[in-house]
**Q** 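Sharing a structure with you now.
No experiment lies behind these values; they were computed from the predicted model shown. Quick note on labels: first sequence line is chain A, next is B, and so on, each numbered from 1.
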Number of protein chains: 2
Amino acid sequence: MTKTRVTVIDIAKAAGVSKSTVSLVLQGSSLVHEGTRSKVSAVMRELGYVYNRGAANLRQAGAKSKIVGVVVNDLTNSFFAELAVGVDMVVQSAGFVQFLSNTGESIDRQREVVASMREHGISGLIVSPARATDAADFKPLVAAGIPVVVVVRNLPGAKVSSIVSDNQAGMMSAVKHLAGLGHKRIAFLGGFPDTAVFDDRLAGYRSGVEAAGLDYHEDLVVSSAPSRAGGVEAIGKAIALSRRPTAAVCFNDAVAFGVCDGLHARRLEPGADFAVVGFDDVIEAQAAVPALTTVSVDPQGIGRRGAQMLLKQINAGKAEAETVVTAVRLVVRESCGAGKTAPAKTGKSVKIETGR
Amino acid sequence: MTKTRVTVIDIAKAAGVSKSTVSLVLQGSSLVHEGTRSKVSAVMRELGYVYNRGAANLRQAGAKSKIVGVVVNDLTNSFFAELAVGVDMVVQSAGFVQFLSNTGESIDRQREVVASMREHGISGLIVSPARATDAADFKPLVAAGIPVVVVVRNLPGAKVSSIVSDNQAGMMSAVKHLAGLGHKRIAFLGGFPDTAVFDDRLAGYRSGVEAAGLDYHEDLVVSSAPSRAGGVEAIGKAIALSRRPTAAVCFNDAVAFGVCDGLHARRLEPGADFAVVGFDDVIEAQAAVPALTTVSVDPQGIGRRGAQMLLKQINAGKAEAETVVTAVRLVVRESCGAGKTAPAKTGKSVKIETGR
DNA sequence: ATAAATATTTGGAACGTTCCAATTTTGTCA
DNA sequence: TGACAAAATTGGAACGTTCCAAATATTTAT
């Protein structure tokens, strides 16, 4: 179809200079004479030259490929889509492009995409690991000097940087808020017990309960799939308890929505008859009826921050494993029964302190 | 950090063969002796060899880079996230990786990312163009023999393949359905009039109205931002009309949700007091209260199909511009007032014919 | 056992760029 | 104007792969 690619040599020939000079122009070197530079640039535009990064980083062996890999476990979940957008923002403005792949929680797929990305010479990787990812899986990458930043879910034994939200503090503040509203029996609903995130959030719940001077009862913890359906299931069990709770903090917003569904089905009004608090502050939380009180984690911010961290490591050449726990804030809306004074307004937000 | 990259020559040396043989093994050629192949593979594993695609497609000049670019206008919108997932699926199983970027409706950003992708040697591009994209923007790509598939929004003058959903038929079936329920005054709410998608959907509305033997009245068409807020606004105007409508088809689901909000605010129950139909069938449509009757477009399917089309063109080498209009189906739930018999069940679905 | 056929292996020469050391051009100062 | 410094330019030699044509090893058929 097309003739032959326009190369730096064609430009050189047409502009009457050497290929070295053209190369210098390409990298904006201050060595070239202003006149030469503009002539060469003009010729490039004229001939429709397109830079061949493949060839370039073949020569400059290694580090500077201008590609970062981004791997998420579920792009369908808007939480992760937002995260990817955040990464894209900073990565793009640094002149990098992102290789984005979705693993759909498949560990094999994750291995494949990471391998593929490596073949393509990524100079760094941001990953929200699939469930049950082996910490050793990223060993070869870091051994090869490719910085890795793990986000959202942390990998216990891996010596890589990570950035997670402050699950514990978030859940604790949610519980405190409910206790402040007078609730004595607060349940923890949803989530699979075998994940690090679950453990963190549950620990936060427990601290909150104890900080409020209430007793921690195991039967008030009802696990389930971290989905809307799981929420329906969990509230069903919770309602049936002899010590029936009057409020619940949920593993995430999806569960919280399910809980609201379940309450509706029993002719109970979330907010009025039973207080519900979510976690994540997904985009729909604000617009739901009733608007969901939830812990906001700003996935896009995590993405941006993770990308910054990664770029820093890429530029430094040295990958010093660093862990950041990002602040999180409780957004009070209607579903907890506290927002009734100003319905449908933007929720007032309670900034909470962050750990390190 | 790392010593020096392991290359095909290192493998050759260690396995006691020539680099050519190693290369042959790499591409799974049938020319190499079985014994040799396994020995070489073993050495590769042992030394931790990673293939350098950059070098590879430098040599095999051009077409086969195993990268496809994906550009969407709003990854935050779960519709496009789903689309990207669909693309990823087929692209990945064909041994390609996807370069995904988000333009956020910025035409400049779109230009940048496309240029960047080109420098990286993508062998094809799938794009959901930002608003007001110039059809000529992709001219250079196709001139260079890089297949381009436009999805979701079509570019009028561009000679590229495209795959859009059957907006017209979808809207028509929605109107017919409402008319069948006895509605005489059906409004068309939301959307910006300057887009191709709007035109298509409005045309479908008009055909539907006329096919049902009703009159088309311009005042029943109320445009607004294609968002939840826009929906609230639009229903406000519609309710105030002298010939007050009893039902509405909406530009998309977001608008439909806004319309429901607006109805609630006026103590009207969507489904019972006023029929509402959306468009897109976003993930929340099913779980909303009342569940939204809407036209389902399966973004993931579009992504998969677009990817298949692109791969076909990549393999064919020849890019024959082809246009596909994908079928769409009306999913009847509660918000139109017809689903009351089986509340909260999965909506029955009405498959409608597709154009070409 | 030997020629012919087939199976397997192999050195270069690309691909398009950057880097280096060396060269040429231009400018400055006495 | 000559000598020297500074500025600008320039030919190779890489980088890690694939391709090609040619060489070598193994079979097969006579």
**Q** Are B:E34 and B:R37 ion-paired here, with the side-chain N under 4.0 Å from a carboxylate O?
**A** yes
**Q** For the residue pair B:Q98 / A:S101, report whether a side-chain donor-acceptor contact shorter than 3.5 Å exists.
**A** no
**Q** Of the options C:dT18, D:dA8, D:dG16, whose atoms approach the side-chain atoms of A:T36 most closely?
**A** D:dA8
**Q** Taking only side-chain nitrogens and oxygens of B:Q27, does any of them come within less than 4.0 Å of OP1 or OP2 of D:dC19?
**A** yes
**Q** Give the rounded distance in Å between these two atoms: CG of A:N52 and P of D:dT17.
**A** 16 Å
**Q** Is there side-chain contact between B:E322 and B:K312, with heavy atoms separated by less than 4.5 Å?
**A** yes
**Q** Would you say A:T7 reaches C:dC15's phosphate, i.e. side-chain N/O to OP1/OP2 under 4.0 Å?
**A** no
**Q** Which is true for A:T21 with a 4.0 Å heavy-atom rule: it touches a base, it touches only sugar-phosphate, or it touches nothing?
**A** base
**Q** Which residues in residues 13-20 of chain B have at least one heavy atom lying under 4.0 Å from any atom of DNA chain C?
**A** B:V17, B:S18, B:K19, B:S20
**Q** Taking the side chain as every heavy atom from C-beta outward, state whether B:V97 and A:M117 have any atom pair closer than 4.5 Å.
**A** no
**Q** A:K19 and A:V8: which non-hydrogen atoms are nearest, and at how many Å?
**A** CB-CG1, 4.0 Å
**Q** Which nucleotide, D:dT9, C:dT9, C:dT17, lies nearest any side-chain atom of A:L31?
**A** D:dT9
**Q** When rounded to the nearest 0.5 angstrom, what distance separates CZ in B:R111 from CZ in B:F138?
**A** 9.5 Å
**Q** Tell me which nucleotide among D:dT9, D:dT17, C:dG16 gets nearest to the side chain of A:R59.
**A** C:dG16
**Q** In this structure, how many angstroms lie between the P atom of C:dG16 and the CD1 atom of A:I11, rounded?
**A** 12 Å
**Q** Calculate the interatomic distance between B:E34 atom CD and C:dT8 atom C1'; express it in whole Å.
**A** 13 Å
**Q** Starting at CZ of B:R53 and ending at C1' of D:dC15, how long is that distance when rounded to a whole Å?
**A** 18 Å
**Q** When you check every protein heavy atom under 4.0 Å of nucleotides 21-27 of chain C, what one-letter string (B, S, -) results, 5' to 3'?
**A** -------
**Q** side-chain contact (heavy atoms from CB on, under 4.5 Å) with B:I302: which of B:V87, B:I126, B:L83?
**A** B:L83
**Q** How long is the line joining CG of A:L24 and C1' of D:dT10, in whole Å?
**A** 10 Å
**Q** Please report, rounded to the nearest Å, how far the P atom of D:dC15 is from the CG atom of B:D10.
**A** 11 Å
**Q** Check the distance between D:dT17's P and A:H120's NE2 and give it to me in whole angstrom.
**A** 14 Å
**Q** If we only count heavy atoms from C-beta on, is the A:V114 to A:R118 side-chain gap below 4.5 Å?
**A** no
**Q** Got more than 12 heavy atoms from elsewhere within 6.0 Å of CZ, A:R305?
**A** no
**Q** Would you indicate which nucleotide in C:dT9, D:dT10, C:dT17 comes nearest to any side-chain atom of A:A55?
**A** C:dT17
**Q** To the nearest Å, give me how far apart CD (A:E119) and P (D:dT18) are.
**A** 11 Å
**Q** Which nucleotide sits closest to the side chain of B:H33: D:dT9, C:dT8, C:dT18?
**A** C:dT8
**Q** Please identify each residue that fulfils side chain to side chain contact (heavy atoms under 4.5 Å, CB included) with B:N73, with sequence neighbours left out.
**A** B:F80, B:T103, B:E105, B:S128, B:R153
